[in-house]
Structures are given as C-alpha cells and as structure tokens.
Amino acid sequence: AARALLADVVALHREGLCAPLPLATQCAASYANSRGGGGSPEAALSDALRQWTGAIGEQADAAHVRVWGPRSDALTAERGEGEPTRFGDLALRLWAPLLRAEAVDFP
C-alpha cells in the first residue's frame, strides 16, 4: 500500500512538472479535511475558496499570482472526474491518504 501511495505522489509531482496544477496547499488540505469528515463537495469547495480569496488568502501568494494571475479562478476552472473540480480531485489525491493515516492523541 505504501508503494502505491508513494507512486501516486511521484506521479502527481511529475504532472506538476509538465504544467501548473490547480493545487494550492492550504486550500487543498482544507478541502480534503472537509470531504474526509463527511462534508459535501460543495461545502468543501466553499471552505477552500474562502481560504483562497480571503484577506490573507493563498490567491495573493506571489507564486500563485505569477502562475495564475491576480484574482484567479484556478480552483474552479477545470471540471473533475470524481469531484466537481480538478482541484477537488487533486486535493483528495494528495491529502486524503495522509488524513486517513493521521492519528491525533489528546493527553
């Protein structure tokens, strides 16, 4: 299982070397966390978009502006296969295995 997950992360990296992926790190983590907790794709996307466009949103990050331009709709521009957007597909592909394996211990 670990090899398959690693192979997918490497494949995701290779895809990103060919073209920019609509995969803002914090927004993607938020999306995957919401979906993993039972949230609908629409609610998860709404949460991610708030992080993308908020006052200190990821959309304003210099790297994102350079690639996508200011006020980009990169997270919603492409349709997904399993999720409504490609961003959602990529977010789950990257974060869902980690979130499933995560264990939080409270003292």
Side-chain angles (χ1 to χ4, degrees):
R3 284 184 186 183
L5 289 173
L6 182 58
D8 192 44
V9 170
V10 169
L12 190 58
H13 171 73
R14 286 185 178 147
E15 288 176 42
L17 291 174
C18 295
L21 299 176
L23 188 62
T25 307
Q26 293 172 348
C27 297
S30 174
Y31 184 94
N33 194 39
S34 178
R35 293 289 284 130
S40 70
E42 294 77 17
L45 187 58
S46 178
D47 290 343
L49 288 173
R50 270 195 298 280
Q51 285 194 319
W52 179 246
T53 60
I56 54 171
E58 267 187 290
Q59 181 183 42
D61 181 272
H64 292 299
V65 171
R66 176 173 228 139
V67 172
W68 304 108
R71 302 180 197 270
S72 170
D73 67 346
L75 302 189
T76 58
E78 298 177 61
R79 285 194 134 342
E81 293 179 19
E83 295 292 303
T85 62
R86 182 172 181 224
F87 162 77
D89 287 338
L90 294 170
L92 291 179
R93 190 171 158 195
L94 178 63
W95 286 103
L98 177 66
L99 293 171
R100 279 194 301 268
E102 182 179 49
V104 179
D105 292 326
F106 294 102

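Atom CD of Q26 has 12 or fewer heavy atoms from other residues, nucleotides or ligands within 6.0 Å. Residue-environment remark: CG (L17) exceeds the threshold of 12 foreign heavy atoms within 6.0 Å.
Distance check: D73 CG to T53 OG1 gives 12.0 Å after rounding to the nearest 0.5 Å. Summarising the geometry, atom CD belonging to Q59 is positioned 9.5 Å from atom CG belonging to L49; distances are rounded to the nearest 0.5 Å. Going from atom NE2 of H13 over to atom SG of C18 covers 10.0 Å, rounded to the nearest 0.5 Å. The CG atom of L92 lies 11.0 Å from the CG atom of N33; values are rounded to the nearest 0.5 Å. For the atom pair E78 CD and D89 CG, the distance stands at 10.0 Å (nearest 0.5 Å). Atoms OG and CD, from S30 and Q51 in turn, are 4.0 Å apart once rounded to the nearest 0.5 Å.
Partners of R79 according to the salt bridge (Lys or Arg N to Asp or Glu O under 4.0 Å) rule, which considers only residues two or more places apart in sequence or in another chain, do not exist here. By the side chain to side chain donor-acceptor pair (under 3.5 Å) test, T25 is found to be paired with no residue, residues two or more places apart in sequence or in another chain being considered.
Counting heavy atoms from C-beta on, the side chains of E83 and R35 come closer than 4.5 Å. A 4.5 Å side-chain heavy-atom check between L21 and L12 finds at least one atom pair inside the cut-off.
Counting only residues at least two apart or on different chains, the ring pair (Phe, Tyr, Trp, His ring centres under 6.0 Å) pairs with a member in residues 21-60 are Y31-F87, W52-H64.
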Evaluate the side-chain contact (heavy atoms from CB on, under 4.5 Å) criterion for residues R50 and S46: first the C-alpha distance (whole Å), next the side-chain angles of each, then the deciding distance (0.1 Å), finally the verdict. CA-CA 6 Å; R50 270 195 298 280; S46 178; 3.1 Å; yes
Between L75 and T85, is the side-chain contact (heavy atoms from CB on, under 4.5 Å) condition met? List the steps. CA-CA 7 Å; L75 302 189; T85 62; over 6 Å; no
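A salt bridge is defined here as a Lys NZ or Arg NE, NH1 or NH2 lying under 4.0 Å from an Asp or Glu carboxylate O, and R86 with E81 fails to meet this definition.
By the criterion of side-chain heavy atoms lying less than 4.5 angstrom apart, applied directly or through intervening Ile, Leu, Val, Met, Phe, Trp or Tyr residues, L23 is grouped together with L99 in one hydrophobic cluster. When the side chains of ILVMFWY residues are joined at heavy-atom separations under 4.5 Å, either directly or via intervening members, V9 and W95 end up in two distinct hydrophobic clusters. The hydrophobic cluster containing L5 does not contain L98, counting ILVMFWY residues as joined when their side-chain heavy atoms lie under 4.5 angstrom apart, directly or transitively.
Each of R3, R93, R14 was evaluated against D8; a single residue qualifies, R93, per the salt bridge (charged side-chain N to carboxylate O under 4.0 Å, His left out) test.
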